[in-house]
Amino acid sequence: MRASIMNFSEVFKLSNQLCKFSPNGKYLASCVQYRLVIRDVNTLQILQLYTCLDQIQHVGWSADSMFILCAMYKRGIVQVWSLEQPDWHCKIDEGSAGLVSSCWSPDGRHILNTTEFHLRITLWSLSAKSVSYIKYPKACQKGMAFTSNGQHMALAERRDCKDYISIFVCNDWRLLRHFETDTQDLTGIDWAPNGCVLAVWDTCLEYKVLLYSLDGRLLSSYSAYEWSLGIKSVAWSPSSQFLTIGSYDEKVRILNHVTWKPIKELVHAATISNTKTMVYREVDKCQSVEPSQLTFPPPRGTPSSLFTVHSKYELVEGPVTLRTIKPDTDRANPELGIGMLAFSPDNRYLATKNDNMPCCVWIWDIQKMRLSVVLEQTSPVRTFHWDPVQPRLAICTGNSKVYLWSPTSCVSVQVPVEGE
């Protein structure tokens with residue numbers, strides 16, 4: 001597969017990689033130090049320019065794309081701006097309690113701030129101009145989750161050295177259920193997309209996944225093994241039919257929604273011998289470029305032609321041995337096991353990354369329950385993300401390229417930027 005040519009905008013300044021599309025897809029927010037810039041997605045023209053009190057550390061859109069918040073954690077302040085009424089703004093100051101995270105509620109009219117040391121969550125209402133508090137939120141990987149319809153919120157809590165879950169109704173924030181979980185040290189929670197089942201998983205030292213109903217009943221409990229590092233990542237399928245669990249043993253286990261038992265184990269072997277699995281390997285190539293073709297003028301004293309490194313994918317015939325690294329198991333969070341899981345929006349494909357094979361992305365066909373494609377990059381994969389509309393995967397390795405895979409092709413796209 002050859003390198004692909006795409007259209008790119010001019011380069012815009014950015015701080016802390018803070019750049020987010022609005023949920024309705026019409027606006028693009030970017031931050032430069034203490035300034036918030038709102039652009040039109042189609043024209044990239046600046047629509048609004050807001051100035052905050054300090055350097056912005058987090059930005060978040062409301063679900064209806066009418067408001068945007070900017071969090072300045074060092075000062076414990078959140079500022080809120082309105083796109084419809086540019087003169088309107090709101091300032092929230094947590095004072096001596098401090099601030100470690102800030103997010104919107106699904107209705108876009110409440111802001112949930114978590115104070116330092118996770119002492120409490122402050123619930124600010126923009127419409128009623130009121131404030132309320134939720135005590136004992138747990139400091140964990142993912143301790144808060146909203147249902148996709150925005151009706152309920154689940155919150156992990158820690159009190160008296162035990163783990164609890166509280167489920168709230170979001171329209172009036174009343175407590176619906178409160179129950180203790182059978183976990184040693186709860187690490188994360190996540191609702192199924194249909195909002196009917198809550199997945200709760202334990203620390204990596206204890207392999208355990210618990211499934212709870214909306215009314216707090218324990219539906220099932222699953223443990224694959226004992227006395228070894230356990231769960232590293234968890235993801236629901238868009239249809240809510242499958243719950244995938246990535247483990248430190250380099251396997252993905254797929255649980256079905258009827259019996260909550262595993263129906264398939266996806267093994268990430270270092271050697272690919274199945275002829276039905278396509279392995280694409282990125283190969284670098286040098287291309288001569290004339291200075292007149294460069295977007296940026298070359299510095300003085302440069303040769304008449306420059307060499308830029310492009311890359312392409314080559315189909316490798318099996319059996320193929322993938323590059324692996326030997327993790328340091330004596331350190332915390334070793335580079336081992338399934339660190340990333342993501343379903344395509346049509347529920348057809350599952351993309352995974354095995355952390356001790358950092359340059360590889362594995363793409364599984366969920367309908368056939370088999371490995372379809374392996375992409376081996378020249379550099380370690382930092383992240384990947386599915387196109388929300390079609391089965392197309394974007395991959396980033398931290399270089400000047402972006403990689404795109406679809407069922408029909410895979411391409412390497414050179415991004416025209418100055419420097420690395």
Side-chain angles (χ1 to χ4, degrees), residues 140-143 145 156 163 181-192 197-212 218-237 240-257 259-272 274 277 322-344 349-366 369-372 374 380-384:
C140 58
Q141 196 178 71
K142 188 177 181 182
D163 293 324
T181 62
D182 185 21
T183 51
Q184 297 290 329
D185 185 11
L186 187 153
T187 298
I189 60 176
D190 196 20
W191 287 103
V197 180
L198 179 69
V200 177
W201 56 97
D202 213 335
T203 171
C204 64
L205 302 177
E206 180 88 10
Y207 197 119
K208 183 183 288 185
V209 176
L210 304 168
L211 287 312
Y212 290 95
L218 179 62
L219 300 175
S220 184
S221 175
Y222 174 72
S223 176
Y225 52 81
E226 294 180 315
W227 315 117
S228 185
L229 289 177
I231 298 169
K232 193 167 189 178
S233 54
V234 176
W236 286 97
S237 67
S240 303
Q241 291 177 299
F242 305 118
L243 178 65
T244 55
I245 306 169
S247 311
Y248 279 91
D249 66 349
E250 304 177 50
K251 295 179 181 178
V252 174
R253 292 166 176 85
I254 302 179
L255 308 187
N256 73 85
H257 73 296
T259 64
W260 302 112
K261 302 296 182 184
I263 58 173
K264 185 70 175 180
E265 284 189 1
L266 307 180
V267 181
H268 295 65
T271 301
I272 308 297
N274 191 335
T277 300
L322 305 174
R323 286 177 292 162
T324 61
I325 61 172
K326 187 176 181 180
D328 187 355
T329 54
D330 293 332
R331 290 189 175 187
N333 303 313
E335 292 183 344
L336 174 70
I338 313 303
M340 295 175 65
L341 293 167
F343 275 94
S344 62
Y349 298 100
L350 172 69
T352 63
K353 179 194 171 189
N354 185 9
D355 287 346
N356 53 305
M357 300 178 192
C359 298
C360 297
V361 175
W362 308 63
I363 300 174
W364 308 81
D365 189 322
I366 295 301
M369 287 292 173
R370 68 171 182 85
L371 181 60
S372 178
V374 176
V381 175
R382 294 195 182 184
T383 186
F384 53 71

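Counting only heavy atoms from C-beta outward, the side chains of Ile231 and Thr187 never approach each other to under 4.5 Å. Looking at heavy atoms from C-beta onward, Leu210 lies in side-chain contact with Ser221 at the 4.5 angstrom threshold. The shortest distance between side-chain heavy atoms of Ser240 and His257 does not fall below 4.5 Å. Met340 has its side chain out of reach of Ser233: every pair of non-hydrogen atoms, C-beta onward, lies at least 4.5 Å apart. Side-chain contact between Leu371 and His268: absent, with no pair of heavy atoms (C-beta onward) separated by less than 4.5 Å. Between Leu266 and Trp362, the closest side-chain pair of non-hydrogen atoms is not below 4.5 Å. Contact annotation: the side chain of Arg370 never approaches that of Asn274 to less than 4.5 Å [non-hydrogen atoms, C-beta and beyond]. You'll find the side chain of Leu229 reaches within 4.5 Å of the side chain of Pro334, heavy atoms only.
Put simply, the side chain of Lys232 gets close to the backbone of Leu336: a donor and an acceptor are under 3.5 Å apart.
Each of Val209, Leu218, Leu186, Asp163 was checked for a side chain to side chain contact (heavy atoms under 4.5 Å, CB included) with Val200, and the lone residue meeting it is Leu186. Among Glu335, Lys251, Glu250, the single residue meeting the side chain to side chain donor-acceptor pair (under 3.5 Å) criterion with Asn354 is Glu250.
Between atom CG of residue Leu255 and atom OH of residue Tyr222 there is a gap of 6.0 Å, rounded to the nearest 0.5 Å. Put simply, OG1 on Thr183 and NZ on Lys208 are 7.5 Å apart, with the number rounded to the nearest 0.5 Å. Separating the OH atom in Tyr248 from the CG atom in Asn356 is a distance of 11.5 Å, to the nearest 0.5 Å. Atoms CD1 and OG, from Ile363 and Ser344 in turn, are 9.5 Å apart once rounded to the nearest 0.5 Å.
Heavy-atom minimum distance, Ser247 versus Arg253: OG-NH1, 3.3 Å. Closest heavy-atom contact between Tyr207 and Gly230: CD1-CA, 3.5 Å. Contact record, Trp201 with Val234: CD2-CG2, 3.7 Å, taken as the closest heavy-atom pair.
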